[in-house]
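Notes to accompany the following structure.
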Amino acid sequence: MSAPKKILLIRFSSIGDIVLTTPVVRCLKQQLKAEVHYLVKESYASVLHANPYIDRIITIKEDIDEVLPLLRSQKYDWISDLHHNLRSFKVKQALRCPGASFPKLNIEKWLLTNFKINRLPDVHIVDRYFETVKELGIKNDGKGLDFFIPKDASVDVQRLSNNKLIPGKYISMAIGAGLATKNLEDAQWLSLINSLSMPVALLGGPDDTLRGSWLASQSNNCVNLTGSLSLSKSASVIEQCALLISPDTGLMHIAAALHKPIISVWGNTIPEFGMTPYYPSDLRIENRKFEINNLPCRPCSKIGYAKCPRGHFRCMREQPLEDIVKSAEEMLGK
């Protein structure tokens, strides 16, 4: 087929998943010189606003009927479906143009979460996203993820924290994970904060402000920034930190895009789902993963739950906090 001139990428949500699509966006733009449009939910569009490889961001609030007339008018040459759900199927049916969907591996994940039969390929989701542009001759350039921080979102961390945080000499913690079974409990976060030799910046969204406020009230070693910063400003705080400690979250992937060392803590989800921190192939950036292996109930979900289905929450409650602290100190050269 002739080289497409206008391409639509579809990924509706969420923060981390969208960041993980950015290598495809960049490679399409640089290798094909095509006009790249991106269809995303309005609430997640800020992840892409500063991306120079995207020519147009098209947003929906809930239903794709909101934008179907606009999408039809664009006359796309190719659709890369990076979400592969009913909404994206409806877009493809409406536009009737060539394209490809990424292999979502739902059957393999179902087998693993329900019967602990692991048929998952050892392939990162970024490389599975590239399957949607393989026919176009696009190849992964190995440069990792992208997250672009607008100039007006750059944060003066010393001023923001009343000089409690010094660039390069503090640790960021992403204390929100969307679903509780992906997150440490409050007492565990507090133990980590009080055990670390560096001050800590607490990051999260509006739903995490209560936790952040409580942690800050219990420790003199942290600054609570939850709920007070935009996503780009949170990224600026991460860009200036020495290390990020995080569950399986969107901020973890933003930190990887910014080439930061990461300690990731895994609860009901597992690294084998293919969504570990993804770095440029020519950089050796240390990241360490903590998970409780050999639990018969794990993984219990490819996403997560509001509470542990078994009630014991061993996948997080048994995390070796002392080892996490030791790893952080080793990674920081302490």
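The residues of the chain are indexed from 1 along the displayed sequence.
For the pair Lys29 and Glu35, the salt-bridge criterion is not met [side-chain N within less than 4.0 Å of a carboxylate O]. Of the charged side-chain nitrogens involved, at least one lies within less than 4.0 Å of a carboxylate oxygen, so that Arg26 and Asp146 count as a salt-bridged pair. Using a 4.0 Å cut-off between charged nitrogen and carboxylate oxygen, Lys143 and Asp282 do not count as a salt-bridge pair. Between Glu330 and Arg288 there is a salt bridge, with a side-chain nitrogen of the basic residue lying less than 4.0 Å from a carboxylate oxygen of the acidic one.
In this structure, Lys164 places its NZ atom where only 12 or fewer heavy-atom neighbours from other residues, nucleotides or ligands lie under 6.0 Å away. Remark: Lys260 NZ is packed, more than 12 non-hydrogen atoms of other residues, nucleotides or ligands lying under 6.0 Å away. No more than 12 heavy atoms of other residues, nucleotides or ligands sit less than 6.0 Å from atom CG of Asn220.
Of the options Leu243, Val237, Leu196, Val223, a side-chain contact (heavy atoms from CB on, under 4.5 Å) to Tyr170 is made by Val237 and by none of the others. Considering Arg11, Arg87, Lys92 as possible partners of Asp81, the one that fulfils the salt bridge (charged side-chain N to carboxylate O under 4.0 Å, His left out) test is Lys92.
Connection of Leu258 to Leu229 is established within a shared hydrophobic cluster, with ILVMFWY side chains joined at heavy-atom distances below 4.5 Å, either directly or through further cluster members.
By the 30° and 60° cut-offs, the orientation of the rings of His124 relative to Tyr278 is tilted. Relative ring orientation between Phe12 and His83 is described as tilted, the plane-to-plane angle lying within the 30° to 60° band.
Looking at Thr226 and Asp208, their side chains never bring a donor and an acceptor atom within 3.5 Å of each other. In this model, a donor atom of one side chain and an acceptor atom of the other lie less than 3.5 Å apart for Trp266 and Ser264.
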Inset, instruction - Please report the C-alpha distance between Leu20 and Tyr129 in whole Å, then the side-chain angles of each, then the deciding distance to 0.1 Å, and finally whether the side chain to side chain contact (heavy atoms under 4.5 Å, CB included) criterion is met. - result: CA-CA 9 Å; Leu20 288 164; Tyr129 283 149; 3.9 Å; yes
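Rounding to the nearest 0.5 Å places CD of Glu329 at 11.5 Å from NZ of Lys326.
Taking the six-membered ring for Trp and the full ring otherwise, the centers of His259 and Tyr279 sit at least 6.0 Å from each other.
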